[in-house]
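First the proteins, then the strands, lettered A, B, ... as listed; each starts at 1. Everything quoted here is computed from the prediction, not taken from an experiment.
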There are 2 protein chains.
Amino acid sequence: MPMRGDLPRLLIEAGLALLDEEGAEGLTLRRVAARAGVSHAAPAHHFNGLPGLRTAIATEGFCSFLHELVSARDALPPDADPFQGLLAVNQAYIRFSWRRPALFRLMFDQLPTENDDLRLAARAVYAILQDHWTPFVGNRPPAAFETAIWALTHGFAALNMDRPYPPDTPVNLSSYEDALRLLVG
Amino acid sequence: MPMRGDLPRLLIEAGLALLDEEGAEGLTLRRVAARAGVSHAAPAHHFNGLPGLRTAIATEGFCSFLHELVSARDALPPDADPFQGLLAVNQAYIRFSWRRPALFRLMFDQLPTENDDLRLAARAVYAILQDHWTPFVGNRPPAAFETAIWALTHGFAALNMDRPYPPDTPVNLSSYEDALRLLVG
DNA sequence: CCGATTGGCTTTACACTGTCAAGTTGAGCG
DNA sequence: CGCTCAACTTGACAGTGTAAAGCCAATCGG
């Protein structure tokens, strides 16, 4: 019926909306179908059941994620120093996890699948992160430095996604900034 | 019927087993009930529906988690230096996430609930982590140092829980050890 | 000792879910 | 026209959480 915009894309966008509006439990084949105005079995037909829809949504999520990281980088003034770039991109990472927690969780819970598109999208995100920390490697072992800085960012995002852990701890990006500064020294 | 061991505990243990054996999708009120040999509505009666069972299981998970961290600490030789202690406890953290990924995810997805028992259990875990990194704070800002070291560990655990991220990256605890050493320098 | 009450559990029912098989529709093509 | 094939729809089924009602043994006030 809707010739404008093929159905698969419509379904993915419906899924993203449901995820953002209602959380993980809102993402349902039948709800996605209803939102896209098609029959309840249409989503399973295009993707491969619910798991297929979820990986498709996760893949699209990584594209949005990448776009936000790139935007954060491009929004910097041209004379910004490398640390400002590193901080901006990694703060965008964390902010994404706050703004779209259900999608963020789906993306990283979904990672181990063997879907090539998903792996590619995730790799692209990793590449832009890499670009920004390489200037700081210095004479440290690169693998350890990569691990440290990227686990720091992801861990901070994951632990503060809904509420601070441990409870009663205030959450703010400035504490992340200080931690990052500790690492890059 | 089973006078040995009250039903709530039986249900929690059934849930933990299902989680370990079948993953997150295996944790179902009805499956838990069947495994404990009671009617399908019994679990919802004792806990408060599925969410209540989940937080109860997460709480129990934090107790096991704490126990493993304490064991790792106590297994150290008495002449171990502080860094060995820090490393041992944090590696136990990561190993737990590998051995029981579904439970680990449930625990940290469940955190934002307002259940007091859960908060208490999570806090106890945090306390033992804290014990081991305080010797290394030195003259650094303590909040930033806490954030850094704890986000590093949790992020490493979360990202390598099922498979390495980014794909094609080898996972090993030694790369974590190097990263940790970078931080405590 | 006895009737009432209560808490632990069962039974029943219902709406909602994913998945599968079969049917429908419509466009492209010989 | 008739054939095919893909994109859906329809219908059915097992499994899910939840709520209401029932059952039943233990407990307790008298």
Spacing of [X] atom [atom1] relative to [N] atom [atom2], expressed in whole Å:
| X | N | atom1 | atom2 | value |
| --- | --- | --- | --- | --- |
| A:N48 | C:dC20 | CG | C1' | 12 Å |
| A:L29 | C:dG18 | CG | P | 4 Å |
| B:R54 | D:dT16 | CZ | P | 15 Å |
| B:L27 | D:dT16 | CG | P | 11 Å |
| B:E25 | D:dG17 | CD | P | 13 Å |
| A:F47 | D:dA7 | CZ | P | 12 Å |
| A:L7 | D:dC8 | CG | P | 5 Å |

Next on the checklist: At 4.0 Å (heavy atoms only), tell me whether B:A44 reaches a base, stays on the sugar-phosphate, or touches nothing.
Outcome noted: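 Nothing, no nucleic acid heavy atom in range.
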Checklist entry - Which part of the nucleic acid, if any, lies within contact of A:P43, taking any heavy atom under 4.0 Å across all strands shown: a base, the sugar-phosphate backbone alone, or nothing? => result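 Since no nucleic acid heavy atom lies under 4.0 Å of A:P43, the category is nothing.
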Out of [options], which nucleotide sits closest to the side chain of [X]?
| X | options | value |
| --- | --- | --- |
| B:H46 | D:dC8, D:dT18, C:dG8 | C:dG8 |
| A:L50 | C:dT19, D:dT18, D:dA7 | C:dT19 |
| A:A42 | C:dT19, D:dC8, C:dT11 | D:dC8 |
| A:H45 | C:dC9, D:dA7, D:dA12 | D:dA7 |
| B:R30 | C:dT10, D:dC8, C:dA13 | C:dA13 |

Strictly distance-based, threshold 3.5 Å: is any side-chain N or O of [X] a donor or acceptor partner for the main-chain N or O of [Y]?
| X | Y | value |
| --- | --- | --- |
| B:R140 | B:V137 | yes |
| A:D6 | A:P8 | no |
| A:T153 | A:W150 | no |

Checklist entry - Cluster question for you: counting only ILVMFWY and a side-chain heavy-atom cut-off of under 4.5 Å, with indirect links fine, are B:F65 and B:W98 together? => result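 Yes: a chain of side-chain contacts under 4.5 Å links B:F65 to B:W98.
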Next on the checklist: Counting distance alone, no hydrogens or angles: does the base of D:dG11 have a donor or acceptor under 3.5 Å from a partner atom on the side chain of A:H40?
Outcome noted: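 Side chain to base: pair found, below 3.5 Å.
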Checklist entry - Hey, does the side chain of A:R31 come within less than 4.0 Å of C:dT17's phosphate (OP1/OP2), counting only N and O? => result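 Yes, such a contact exists.
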Next on the checklist: Tell me if the aromatic rings of B:H154 and B:F104 count as close, with their centers under 6.0 Å from one another.
Outcome noted: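 Here the rings of B:F104 and B:H154 have centres that are less than 6.0 Å from each other.
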